[in-house]
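Here the structure is a predicted model, which means the values were calculated and not measured.
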Amino acid sequence: MIYFSPRGIFIMDAGRIVIRIKTPLGDMDSSVDCPSLLNFSDLLGAIRDVMPEATVTAFEYEDEVGDRITVRSDEELKAMLSYYCATMNEERLNGQLPEPLQIFPRAGKTPGIRNIHGLKINAHDIQYQEQLGQGNGGTVYKAYHLLGKRVLAVKVIPLDITVELQKQIMSELEILYKCDSPYIITFFSAFFVENRISICTEFMDGGSLDVYKRIPEHVLGRIAVAVVKGLTYLWSLKILHRDVKPSNMLVNTRGQVKLCDFGVSTQLVNSIAKTYVGTNAYMAPERISGEQYGIHADVWSVGISFMELALGMFPYPQIQKNQGSLMPLQLLQCIVDEDPPVLPAGQFSEMFVHFITQCMRRQPKERPAPNNLMGHSFIVQYNDGNAEVVSMWVCRCLEARRNTAGSRA
Ligand code: ATP
Ligand code: MG
C-alpha cells in the first residue's frame with residue numbers, strides 16, 4: 001500500500017521508505033511500508049493517480065553519478081530498490097537522515113523519428129576518455145557527454161563512402177531510435193564527421209562477455225534469459241541480430257545484460273565488410289555456406305556463444321580465435337561439415353546441455369523457434385528476475401581484475 005503526503009517532514013523506520021515522485025506540478029511523497037512487496041504496476045498506478053493527464057509508461061531514478069536509469073519492469077524496480085536501500089543504509093551509518101528515493105515519471109510517446117531518451121548529441125559536446133576496445137570495424141571509446149552529463153560508449157568507424165551512402169546509413173539507423181528494451185543497449189545518436197561515423201550508446205561498466213572466463217551455469221542461466229528476451233524483442237521488430245557473439249553481449253554492475261551491434265543497417269554492414277575480409281566464427285553453418293538464413297541463424301549463434309562462455313574456450317578446438325572473430329572461410333568449413341560439438345554432461349546440467357544441443361542443430365528448422373526458446377526449461381528455470389546474481393558476479397570479476405592489474409604494477 002502506498003500513502004501520499006504533501007512534501008514536507010517525513011519519518012522512516014527500518015523497513016519503510018519514502019518515494020518522491022517528481023511531477024511537472026511539484027513533488028509528491030509517498031510512503032511505502034514494505035518495499036520488498038512493492039511491484040512495478042502498483043507504483044505506476046500511484047504515479048498515474050498523481051499525473052492523470054499523462055500516459056506514464058515508465059519512470060527513472062538517478063544513480064550515484066547522476067545517470068538516469070529507466071525502470072519498466074519488476075526486475076528493474078527490484079534493482080532500483082536494492083540500490084536505494086544500500087545507499088540509505090550507508091547514509092544512516094554515517095548518521096545522516098536518508099534522502100527520499102526520487103523518481104522521474106516518463107510519459108509514453110508514439111514511436112517515430114525521435115530520440116526516446118531525449119538526448120541530443122553533437123560531436124563537440126563529447127569528451128573522449130579511454131579506449132574500451134577495438135573490433136573489426138572500429139574502435140569503442142568511453143566518453144562523457146557534457147550537455148547530457150552522461151557517460152557514453154562511442155564506436156568510431158572509419159568509412160570511405162559517398163555522402164549518398166552516408167545518408168542511407170543514417171536513415172537505416174533510424175529504427176534504433178525506436179528500440180526500447182531493457183535487454184538492448186540504448187542508442188542515443190549517430191553522426192558522420194569527415195569519413196568517420198560515430199555511434200553513441202549507453203556505457204556498460206562490466207564490458208563484454210568475451211573477456212570473462214568460464215562463467216558458472218547459474219550466472220550463465222540469468223544471462224541467457226536476458227539474451228533470449230533481447231533477441232525475441234528484436235525479432236518482434238523484424239530485426240535479425242546477425243552478429244550474436246560474446247563480445248556483443250554487455251553487462252553492468254547492476255546485473256543488467258544487453259545486446260549490442262545488431263545489423264540494422266545493411267549499408268553500414270556492407271561498407272565495413274569491404275574493409276575487413278573474413279567470416280565470423282559464430283555464424284550458423286547455413287550462413288558459412290552462403291545459403292539463405294533467418295531467425296534460426298541467430299539461434300545457432302546463441303548456442304555456440306553460450307557453449308564457449310560455459311567452457312571458457314571456443315567449442316571447435318581446431319579453430320583458434322586469436323584476435324577477433326573473423327576467420328578465413330576455409331578454417332570454418334568444419335562447422336559446416338562436422339557434427340556440432342556437445343557440452344560434456346558431467347560438468348553441466350542436463351537442461352543446459354539440451355538447450356545448447358537444440359540451438360546448435362545442423363538443420364535450421366530443428367532449432368527452437370522464439371516461443372520454444374523462451375519456454376525451454378533452462379530459460380524458464382532462470383527467468384526469476386534475480387539481477388543480483390549477475391551483479392555480484394560482475395562486481396567480483398571486476399574486483400579480481402583490478403587486483404591482478406594492481407599486483408602487476
Ligand atoms: P566486431 O568488430 O567483430 O564486432 P567486437 O564486438 O569485439 O568485434 P566492437 O564492437 O568494436 O568489437 O567492440 C570492442 C569492445 O568495446 C567490445 O569487445 C567491448 O569490450 C567494448 N564495448 C563495446 N560497446 C560497449 C559499451 N556500450 N559499453 C562498454 N564497453 C563496450
Ligand atoms: Mg561489437
Side-chain angles (χ1 to χ4, degrees), residues 55 57-58 60 67-68 70 72 106-126 135-141 143 145 147-148 150-204 227 229-244 248-250 258-276 293-295 297-298 370:
T55 34
T57 53
E60 296 174 332
D67 272 357
R68 288 272 180 100
T70 307
R72 278 167 295 218
R106 236 174 65 176
K109 297 175 204 155
T110 46
I113 300 167
R114 71 196 160 78
N115 183 339
I116 45 177
H117 308 280
L119 204 63
K120 284 211 165 56
I121 299 180
N122 291 315
H124 49 262
D125 295 330
I126 295 178
N136 293 304
T139 310
V140 181
Y141 299 91
H145 182 232
L147 282 183
R150 197 187 251 280
V151 179
L152 304 174
V154 183
K155 185 165 190 170
V156 182
I157 309 171
L159 287 176
D160 275 315
I161 52 171
T162 61
V163 174
E164 270 320 298
L165 277 185
Q166 289 189 358
K167 281 191 192 148
Q168 196 179 331
I169 290 175
M170 293 304 284
S171 102
E172 285 177 341
L173 289 178
E174 258 163 27
I175 191 160
L176 294 178
Y177 288 117
K178 290 190 217 162
C179 281
D180 191 12
S181 154
Y183 311 105
I184 300 293
I185 203 80
T186 301
F187 167 80
F188 293 121
S189 183
F191 49 82
F192 273 93
V193 175
E194 295 170 4
N195 63 343
R196 291 187 303 273
I197 185 171
S198 297
I199 301 173
C200 307
T201 61
E202 156 186 24
F203 167 69
M204 297 287 278
V227 167
K229 286 185 178 175
L231 285 174
T232 308
Y233 175 77
L234 289 179
W235 296 333
S236 75
L237 297 179
K238 306 263 180 293
I239 299 173
L240 290 188
H241 188 296
R242 293 191 167 89
D243 201 9
V244 174
N248 287 338
M249 300 172 188
L250 302 169
K258 305 193 183 201
L259 295 172
C260 68
D261 289 347
F262 38 99
V264 288
S265 167
T266 320
Q267 209 41 261
L268 180 59
V269 173
N270 290 345
S271 306
I272 295 173
K274 282 199 185 107
T275 324
Y276 294 89
Y293 63 91
I295 283 180
D298 277 350

**OP:** Identify, with sequence neighbours excluded, every residue that meets ring pair (Phe, Tyr, Trp, His ring centres under 6.0 Å) alongside Tyr141.
**Re:** Tyr128

Original post:
What pairs with Glu202 under side-chain hydrogen bond (donor to acceptor under 3.5 Å, both in side chains), at least two apart in sequence or on another chain?
Top reply: Thr186, Lys258

**OP:** For Tyr233, check ring pair (Phe, Tyr, Trp, His ring centres under 6.0 Å) against everything at least two apart and list the hits.
**Re:** none

**OP:** Check side-chain hydrogen bond (donor to acceptor under 3.5 Å, both in side chains) between Ser271 and all other residues, then give those that pass, not counting sequence neighbours.
**Re:** none

**OP:** Sequence neighbours left out, what passes salt bridge (charged side-chain N to carboxylate O under 4.0 Å, His left out) with Glu194? Give chain and number order.
**Re:** none

Subject >> Contacts of type salt bridge (charged side-chain N to carboxylate O under 4.0 Å, His left out), residue Arg242, not counting sequence neighbours >> reply: none

**OP:** With rounding to the nearest 0.5 Å, note down the distance linking CG in Asp67 to CZ in Phe203.
**Re:** 10.0 Å

Subject >> side chain to side chain contact (heavy atoms under 4.5 Å, CB included) involving Thr162 - partner list, sequence neighbours excluded >> reply: Glu164, Leu165

**OP:** State, yes or no, whether a side-chain contact exists between Ile184 and Phe262 at a heavy-atom distance under 4.5 Å.
**Re:** yes

Original post:
Partners of Val140 by side chain to side chain contact (heavy atoms under 4.5 Å, CB included), sequence neighbours excluded?
Top reply: Leu132, Ala153, Lys155

**OP:** Sequence neighbours left out, what passes side chain to side chain contact (heavy atoms under 4.5 Å, CB included) with Ala273? Give chain and number order.
**Re:** none

Original post:
Ser171: what forms a side chain to side chain contact (heavy atoms under 4.5 Å, CB included) with it, not counting sequence neighbours?
Top reply: none

Original post:
Quick one: side-chain hydrogen bond (donor to acceptor under 3.5 Å, both in side chains) partners of Thr139, sequence neighbours excluded?
Top reply: Gln134

**OP:** Heavy atoms only: give me the nearest Ile239-Cys179 pair and the separation to one decimal.
**Re:** CD1-SG, 4.4 Å

**OP:** Please name all residues satisfying side-chain hydrogen bond (donor to acceptor under 3.5 Å, both in side chains) with Asp125, sequence neighbours left out, ordered by chain then number.
**Re:** none

Original post:
Hey, which of Ile126, Ile121, Ile157, Val154 is the one that makes side-chain contact (heavy atoms from CB on, under 4.5 Å) with Ser198?
Top reply: Val154

Original post:
Do Leu152 and Thr201 come within less than 4.5 Å of each other through their side chains, counting heavy atoms only?
Top reply: no

